[in-house]
Novice: 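Take this structure first; my questions come after.
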Amino acid sequence: MRLAKSVVGVFALLVSVCAFGQTRPNLVLISVDTLRQDHVSAYGYKRKTTPNIDRLLKSGVWFQEAYCNVPLTTPSFGSLMTSRYPHETGATRNGVSMLVDMETLAEILNRNGYATAAFLSNWPLKAHISNLNKGFEIYDDNFSQKRWLFFNDERDAKHVAELASAWLSQKPRQPFFLWAHFSDPHQPYLFHRGFNFSSKSEPASELQNKIDAYDSEVAYVDYYLGVLLAKLHSLGYDRNSLVVFMADHGEELSEHGYTGHGRFLYEAAMRIPLGLSGPGISPGGKIQAVVELLDLAPTILAYLGFPPGKEMRGRNLMPYIRGEKSWPEHYLVYFETYPGAVRGEGMEKVANIKDPTWVGLKLDNLKIHYRVPGSRWEMYNLQADPGEKKNLADPVNQVFLKYSEELLAWYRSWEKSVALGRTEALTGEDLKKLESLGYLK
Ligand SMILES: [Zn+2]
């Protein structure tokens with residue numbers, strides 16, 4: 001009798017698991033490389049660069065103070081997929097792969113029956129140098145398209161949208177996890193016909209020309225992101241999918257004398273657009289609270305009905321999004337960055353670089369940066385000085401003392417145990433490609 005009962009119980013559990021399994025939502029992750037938050041029109045940018053992204057963000061919840069934890073592509077996606085810092089994943093730089101034993105969001109979903117497919121566009125995400133293909137049944141990183149006359153090979157937004165749309169049209173097994181990554185706003189910036197914001201009356205300065213070209217890339221991506229969203233809608237997948245929109249990091253456009261990302265931890269590179277939309281998420285939810293990319297995987301898993309991965313550090317934001325909990329008034333975010341990508345002078349040197357160049361923290365309007373080589377400190381009041389120009393670091397300032405100690409204690413807690421991923425797979429071609437993307441050292 002007891003056996004019969006337990007069989008019935010197991011049977012009931014199986015039925016409910018199967019039934020639940022079929023009703024789990026799909027996950028569509030749409031990421032744009034190098035998209036700074038303040039060039040997205042929904043976030044207040046003066047140019048209408050992003051009508052489709054705006055619509056997507058406003059169809060769900062979107063975060064005004066969303067931060068990446070590291071402003072480099074492979075490390076940032078390593079942190080997104082694992083909810084761990086780069087010093088834990090081993091992927092500290094572009095060209096250094098994540099450790100093989102890191103459990104990823106894609107692996108968890110695939111193990112639970114999700115069909116998984118990714119369509120990439122940026123060289124640092126190549127499987128053999130990133131390990132980011134972990135958990136993906138399809139990881140399409142086989143791109144060799146030349147962007148106009150430029151040297152570097154990648155995929156443009158049109159091609160990414162076409163490939164992801166074609167995969168959806170084949171009616172993939174459900175539930176599924178589709179990741180589409182667009183890279184066009186990454187350097188070099190190109191003008192796209194039909195997406196030009198340049199002034200016709202005045203000649204542009206060099207800086208303005210750079211900004212105009214960057215915005216043209218952003219608008220171009222937005223158009224093809226709209227094509228992919230239209231496909232999702234026409235196939236009815238938007239009715240049962242969580243759609244996550246994000247950037248892996250932003251971009252400095254000559255602020256602090258530098259154009260690019262990865263070198264510093266300033267707001268232009270760290271603040272990202274981020275939004276979630278799907279059944280059960282109320283539209284129009286503009287959220288002021290501070291969130292970080294580490295929070296994304298646990299949040300996605302919770303929405304889909306799974307517990308977080310065992311090693312995941314970030315928060316499950318769903319109770320806050322659903323209004324079951326109040327957002328914390330104060331939330332501290334830590335940052336780290338490493339010396340660009342790999343060095344092309346020899347593999348031994350590549351493998352030996354473990355130290356970050358900068359670590360940082362943000363709490364409310366306070367931002368502290370610590371340059372590890374040379375022990376240089378910076379502190380900014382983001383409310384009074386959002387451009388981080390006036391360094392307030394001062395050893396007699398009590399706030400500085402308190403939070404510089406806090407940052408140093410965090411860094412000291414892991415500086416001796418920085419994980420180092422694999423670099424052996426890097427080929428001469430990889431080094432050339434990474435160099436062409438600006439990752440020289
Ligand atoms: Zn990137």
Side-chain angles (χ1 to χ4, degrees), residues 29-40 53 66-82 85-86 89 91-98 118-127 129-133 139 141 143 147 150 152-157 160 179-190 214 217-218 220-222 225 244-253 258-274 292-294 296 335-342 356-358 421 430 433-441:
L29 172 64
I30 301 175
S31 51
V32 179
D33 216 289
T34 319
L35 177 57
R36 53 187 277 171
Q37 191 194 70
D38 62 359
H39 280 238
V40 173
I53 293 171
Y67 285 88
C68 63
N69 299 91
V70 55
L72 283 162
T73 308
T74 310
S76 192
F77 279 109
S79 290
L80 162 68
M81 288 292 174
T82 61
Y85 293 107
T89 67
T92 52
R93 289 166 292 145
N94 291 325
V96 183
S97 66
M98 198 165 61
F119 298 93
L120 293 317
S121 52
N122 191 354
W123 200 271
L125 298 178
K126 285 251 181 193
I129 57 169
S130 71
N131 270 347
L132 281 163
N133 59 317
Y139 192 83
D141 62 352
F143 41 87
R147 286 180 75 200
F150 283 83
N152 53 309
D153 297 7
E154 55 181 44
R155 258 188 194 132
D156 86 345
V160 174
W179 174 21
H181 180 65
F182 297 91
S183 288
D184 303 67
H186 199 292
Q187 284 180 310
Y189 314 133
L190 306 175
Y214 177 80
E217 298 271 32
V218 172
Y220 182 74
V221 161
D222 180 84
L225 197 146
V244 175
F245 174 77
M246 56 162 280
D248 56 344
H249 51 77
E251 181 83 328
E252 291 218 49
L253 293 165
Y258 166 63
T259 296
H261 52 266
R263 197 171 291 178
F264 302 117
L265 298 173
Y266 298 117
E267 293 286 280
M270 304 312 290
R271 210 178 249 256
I272 54 167
L274 176 67
E292 55 187 324
L293 269 190
L294 292 183
L296 203 47
F335 311 110
E336 58 192 270
T337 195
Y338 294 81
V342 291
T357 42
W358 292 86
D430 293 325
K433 302 297 183 197
L434 292 167
E435 187 177 3
S436 78
L437 290 166
Y439 302 123
L440 285 164
K441 53 186 178 175

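Indexing begins at 1, ligand by ligand and atom by atom, following the structure's order. Heads up: numbering here begins at 1 and tracks the sequence.
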Novice: Can you name the N/O/S atom of D33 that is nearest the Zn ion (ligand 1)?
Specialist: OD1
Novice: Name of the D248 N, O or S atom nearest the Zn ion (ligand 1)?
Specialist: OD2
Novice: Closer than 2.8 Å to the Zn ion (ligand 1): does that hold for any N, O or S atom in T73?
Specialist: yes
Novice: Please determine if the Zn ion (ligand 1) has an N/O/S atom from H249 lying under 2.8 Å away.
Specialist: yes
Novice: With sequence neighbours excluded, what pairs up with Y85 under the ring-ring contact (aromatic ring centres under 6.0 Å, His included) test?
Specialist: H87, W410
Novice: Between Y214 and H39, is the gap from one ring center to the other below 6.0 Å?
Specialist: yes
Novice: Does E251 have any side-chain hydrogen bond (donor to acceptor under 3.5 Å, both in side chains) partners at least two apart in sequence or in another chain, and if so, which?
Specialist: Y189, H261
Novice: For residues T73 and L125, determine if any side-chain heavy atom of one lies less than 4.5 Å from a side-chain heavy atom of the other.
Specialist: yes
